[in-house]
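All values below come from the heavy atoms of this structure, side chains included, with hydrogens, waters and symmetry mates left out. Remember, predicted model here, so these are calculated numbers, not experimental data.
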Amino acid sequence: MFPQHLALLRLAANGHASREIAELLFLSPHTVNDYWREVYRRLGAKNRENAVAMALVRGLIRPDEVELRAPRRAYEMKPSKEGLTPRRHA
């Protein structure tokens, strides 16, 4: 893996979108997309989350390099007769 690919994976693991990654690494969005294709090919990943998980498992990026935070939730739980059900935020 090239250093640029590892930087891409670290930033993605910390929740940065491709546009933000391009700005932080001083690259064009097209170059970032090319890097993603190469990362997917090298890791055998199908998507960004899968690539980050594989990089963590294989030791390409360390867990201490990743800022752990709760995923963004588009739903909140509301009580119903069947128990708690998701309700989409307006």
Side-chain angles (χ1 to χ4, degrees):
M1 241 346 125
F2 292 113
Q4 305 93 314
H5 298 152
L6 297 176
L8 181 87
L9 285 164
R10 283 186 198 100
L11 290 169
N14 284 306
H16 293 284
S18 288
R19 184 174 294 164
E20 295 171 323
I21 292 171
E23 290 174 8
L24 291 168
L25 296 179
F26 303 103
L27 300 170
S28 75
H30 179 73
T31 302
V32 170
N33 288 336
D34 287 345
Y35 284 176
W36 275 122
R37 278 193 287 279
E38 182 64 17
V39 166
Y40 294 161
R41 186 186 68 76
R42 286 176 180 251
L43 293 177
K46 296 181 181 183
N47 57 42
R48 180 178 307 217
E49 292 82 12
N50 188 234
V52 168
M54 292 174 109
L56 283 164
V57 168
R58 293 179 185 182
L60 297 173
I61 57 176
R62 297 186 323 262
D64 63 337
E65 298 174 319
V66 178
E67 177 186 322
L68 298 177
R69 55 184 151 154
R72 295 181 200 155
R73 296 186 65 146
Y75 295 91
E76 65 181 21
M77 301 306 280
K78 68 173 185 168
S80 71
K81 292 178 185 175
E82 297 84 33
L84 293 175
T85 58
R87 179 176 68 195
R88 186 146 180 89
H89 286 290

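Residue pairs satisfying the salt bridge (Lys or Arg N to Asp or Glu O under 4.0 Å) criterion with at least one member in residues 27-36, sequence neighbours excluded, are listed as follows: Asp34-Arg37.
Scanning for side-chain hydrogen bond (donor to acceptor under 3.5 Å, both in side chains) contacts around Asn47 gives an empty result, with sequence neighbours left out. Residues that satisfy the salt bridge (Lys or Arg N to Asp or Glu O under 4.0 Å) test with Glu38, not counting sequence neighbours, are Arg41, Arg42. Listed by chain and residue number, nothing satisfies the salt bridge (Lys or Arg N to Asp or Glu O under 4.0 Å) test with Arg58 (two or more places apart in sequence, or in another chain).
Considering Val57, Asn50, Leu60 as possible partners of Leu43, the one that fulfils the side chain to side chain contact (heavy atoms under 4.5 Å, CB included) test is Leu60.
Here the closest heavy-atom approach between residue Glu20 and residue Gly15 is recorded as OE1-O, 4.1 Å. The heavy-atom pair separating Ala13 from Val52 by the smallest distance is CB-CG1, 3.6 Å. For the residue pair Ala51 and Val39, the shortest heavy atom distance occurs at CB-CG1, 4.1 Å.
Separation of atoms CE (Met54) and NZ (Lys46) is listed at 9.5 Å; rounding is to 0.5 Å.
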Quick one: side chains of residues 21-28, donor-acceptor pairs under 3.5 Å with protein atoms, not counting sequence neighbours, listed by atom name and distance.
unit_1 : atom_1 : unit_2 : atom_2 : d
Ser28  : OG     : His30  : N      : 3.4
Ser28  : OG     : Thr31  : N      : 3.1
Ser28  : OG     : Thr31  : OG1    : 3.0

Per-pair distances, 0.1 Å, donor-acceptor, side chain in residues 1-11, under 3.5 Å, sequence neighbours excluded:
unit_1 : atom_1 : unit_2 : atom_2 : d
Arg10  : NE     : Glu65  : OE1    : 3.1
Arg10  : NE     : Glu65  : OE2    : 3.0

